[in-house]
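Right, one structure below, let's go through it.
By convention here, the first residue in the shown sequence is residue 1.
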Amino acid sequence: MPLSVHHRRPRRPLRLLLPWLVGALPVLCGLLIMYWQAERELQGRSEASAKQTATQIERILDNISAAARDLLPLAGLPCVEEKLALRDQVTRRAFVRSTNLVYRGELYCSSLFGPYSEPVHDSDYTQGTLWLMSGNSVTPGHALLVYRVTEGDRGAISTVDGDHLISALHLLDADAHPLLQIGSHWMDRDGNVKDGPLPVAEVAAAQVTSTRYPFSIHSGYAQGKVGELMRSEYPALFGLLVVLGAIAGVTCYWQLRRVTSPRAELQRAMEAQEFLPYFQPVVRRGDYRWAGVEVLMRWQHPRDGLVRPDLFIPYAEHSGQIVPMTRQLMQRTAELLAPHADTLDDGFHVGINITADHCQDLTLYDDCQAFLAAFPADKVVLTLELTERKLIVPSEVTHTLFSKLHELGVLIALDDFGTGQSSLAYLQQFKVDYLKIDQSFVAMIGGDALSLHILDSVIELSSKLGLGIVAEGVETEAQRDYLDRHNVDFQQGYLFARPMSAEAFIQALATQHPPLVVSH
C-alpha cells in the first residue's frame, strides 16, 4: 500500500508478540486467581480437618479421663480388692485399653496384671496429664496415649490404644497429613511416634490447639496439591480462560491492525494537524508576476519528515478521507494568508485540488464560502482544480453544486488536462473556466513535430472554447517562451518557483520578490 504509516506503529516483533501477550494475560490472571482460590480452599479444608480431628481426640480423652476420675478414689486401697473395678472401667469405656492405680509415685495396681510395681515419673507427662508413648512392654512399637489424674499422693491412669488415634487422624481428608503433638512427642497418621522438631506442611499448614487438654493437631498438604486440585475441580473454568484469552488476543490483533492501518494513520495525522499547505506560484503571461498559487498538500510526519503526496493522496481519495483533509487544508490556508492579504494583488488566484468525492453533496460550497469570507472582497479568486483519479458522475447534486460555486465566484479548472479518459466528457458535462496543461505536454516542447502538434491542439481547443489556460511543469526558458508566443495565460513550474512552505511564501510576498522577468 503506497502510504507511509510508521508513526506510533509498534515495532514488528512487538506487534507480533503483543496479541500473544494480551491473550495470555487473562489466562495468567485467571490461573493466579484459581491458584489463590485453590490455596484458600485447601487452607479451609486443612483447618476444618484439624478442628474435627481435635474434636474427635477430645472425645477419646473425655472417655478415658472419666475412667481415671472414677478410679481416683480407689487409689491407695489394696489392689486385690480394686482389680475388678479397674477391669470394669475397661469393659464399660469404649476407648479405654487399660486402667491403673498410683500411690505415692508408684503404679501398684493394673487392670492387665493385677498387683504391679512400677515408678511413675512426672517428667513423662505433659502438664502432668498426657503422655504419648511409642509403645510399652506389652505392645512395643505400638502407640499409646496415657492420661493421668492426681490428688495428693493418689493417682489414676488410663490408656487408649494408638489405633483409635490413627482412626481419628484418618477421619477426614485422605490427602491431608495431620499430626498429633503432645509436648515434644508427635505422631503421624501411620501411628509412628517421634520426638524432635515437628515437620511443617508445605501447603495450607494449619494448627488447632485444644483448650481442654494439652495437645495440638497440625494439618496440611504436600507440594503439588494446589495444582492437583485445580486440574480436578477447575477444568471448565480453565477452558473458559483459554477462550477469553483467545478472544482478547484476536481483539488486540484486530485493534493493532486498525491502529496501524493507513486509514487510522491518516485520521491521526488530521487530528494532529500534520497536513500542511505548500504554495507553488503561478505567473501571468508577459511580466511573469505572481498571479496566484496552487495550494499543494504536504504531510509533515513527526517521524518520517515530509511525505510525498503520491504516497498518501491516492489512499486518502480511496478511503474518502480526502474531503475532511481538503477542508482542513482550506482552513489552514485561509488562516495563513488572510493576515497578509494586503501583500496580494487584487484577484489573486488560489488553486486547490478537488476530486469526485467533493462533488457528492453541497458541503464543498460551504467550505468555499468560509474560505472566501476570510479575505477582503475581490482580493482572492478561488479556483477548484478537478482531478481525474476518480470519475465524477453527473447528477443533480453536482450540477447544483457547480452552479452555486460559480455564483459565489469560484472558478473550475480541469487539472492535468488530456491525460485522463474523461477530460473531454467533463468539458461537455460541466461549466469549466480553465484548462491546466499537464507537464507531460509541456515537456514535448523542443521535441518532434508530432508532439508539438498535440500541445498546439490543446491550446487551440481552449481558445475556441473561450477557456483560460495554465501550463504546468515549465522548467526551461525555451518552454516558457514557446508558451508565451502561443498566448498561454499562466505558467507554473520550477523555472519560476518550487513549492514552498507557508513561511517562505509569506516572506517572499512581504519582500515583493517575484521571479525575475527575462525579456525575449
Side-chain angles (χ1 to χ4, degrees), residues 53-169 171 180-187 191-195 209-217:
T53 301
T55 299
Q56 179 63 17
I57 291 180
E58 284 180 342
R59 288 182 59 231
I60 295 173
L61 289 174
D62 287 343
N63 188 265
I64 65 173
S65 67
R69 293 184 183 280
D70 286 349
L71 294 174
L72 181 61
L74 304 180
L77 297 178
C79 181
V80 175
E81 299 176 3
E82 306 304 336
K83 184 169 61 175
L84 291 178
L86 295 179
R87 291 178 178 175
D88 179 64
Q89 290 293 330
V90 174
T91 303
R92 290 193 299 109
R93 305 284 183 181
F95 296 107
V96 176
R97 173 182 172 181
S98 67
T99 55
N100 305 272
L101 295 177
V102 178
Y103 187 69
R104 292 183 178 178
E106 181 182 2
L107 191 155
Y108 73 93
C109 188
S110 170
S111 61
L112 296 176
F113 307 112
Y116 192 73
S117 178
E118 182 177 305
V120 176
H121 304 289
D122 290 343
S123 60
D124 292 333
Y125 294 86
T126 301
Q127 297 183 13
T129 304
L130 291 181
W131 181 15
L132 181 61
M133 302 175 62
S134 60
N136 60 11
S137 59
V138 178
T139 54
H142 190 80
L144 295 171
L145 179 58
V146 182
Y147 178 85
R148 183 181 74 158
V149 61
T150 59
E151 187 177 277
D153 291 336
R154 297 180 300 165
I157 294 175
S158 57
T159 65
V160 60
D161 192 279
D163 288 340
H164 293 297
L165 303 178
I166 294 173
S167 297
L169 294 178
L171 184 64
L180 168 64
Q181 182 180 24
I182 299 175
S184 62
H185 302 290
W186 53 272
M187 185 182 81
N192 300 312
V193 177
K194 299 180 181 179
D195 192 5
T209 300
S210 174
T211 58
R212 298 169 55 203
Y213 300 98
F215 76 90
S216 59
I217 299 295

Query raised in the report: With sequence neighbours left out, which residue pairs that include part of residues 124-168 fulfil the disulfide (SG to SG under 2.5 Å) condition?
Result: none
Report task. Report the residue from L165, N63, D161 that forms a side-chain contact (heavy atoms from CB on, under 4.5 Å) with F95. Result ->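 Going through the options one by one, the only one that passes is N63.
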**Report entry** Heavy-atom closest contact (A156 atom, A68 atom, distance)
**Finding:**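 It is CB-O, 3.2 Å.
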Query raised in the report: Between P214 and T129, which heavy-atom pair has the shortest distance, and what is it?
Result: CG-CB, 4.4 Å
Report task. Establish, from distance only, whether the side-chain atoms of E58 and S210 form a donor-acceptor pair under 3.5 Å. Result ->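 Side-chain D/A pair, E58 to S210: present.
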Requested in this report: For T139 and R97, test the side chains for any donor-to-acceptor distance below 3.5 angstrom and give the result as yes or no.
Outcome: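 On atom types as modelled, these side chains qualify, holding a pair under 3.5 Å.
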Do [X] and [Y] make a side-chain contact, defined as non-hydrogen atoms from C-beta onward lying under 4.5 Å apart?
| X | Y | answer |
| --- | --- | --- |
| F215 | L61 | yes |
| D195 | H185 | yes |
| D62 | R212 | yes |
| L144 | V160 | no |

Report summary line: With sequence neighbours left out, the residues meeting salt bridge (charged side-chain N to carboxylate O under 4.0 Å, His left out) with D88 are R92
Report task. Check step by step if side-chain hydrogen bond (donor to acceptor under 3.5 Å, both in side chains) holds for S98 and T159. Result -> CA-CA 5 Å; S98 67; T159 65; 2.6 Å; yes
Query - Verdict with reasoning, T126 to W131, per side-chain contact (heavy atoms from CB on, under 4.5 Å) - result: CA-CA 6 Å; T126 301; W131 181 15; over 6 Å; no
Donor-acceptor under 3.5 Å ([X] side chain, [Y] main chain):
| X | Y | answer |
| --- | --- | --- |
| T150 | G155 | no |
| R148 | I157 | no |
| S123 | H121 | no |

**Report entry** Basic-acidic side-chain contact under 4.0 Å: R93, D70
**Finding:**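 Result for this pair is yes, salt bridge flagged.
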Show me, pair by pair, the donor-acceptor contacts under 3.5 angstrom made by side chains of residues 101-110, not counting sequence neighbours?
residue: E106; atom: OE2; partner: S117; partner atom: OG; Å: 2.3
residue: Y108; atom: OH; partner: G76; partner atom: N; Å: 2.7
residue: Y108; atom: OH; partner: L77; partner atom: N; Å: 3.2
residue: Y108; atom: OH; partner: L77; partner atom: O; Å: 2.7
residue: S110; atom: OG; partner: N100; partner atom: OD1; Å: 3.2
residue: S110; atom: OG; partner: L112; partner atom: N; Å: 3.1

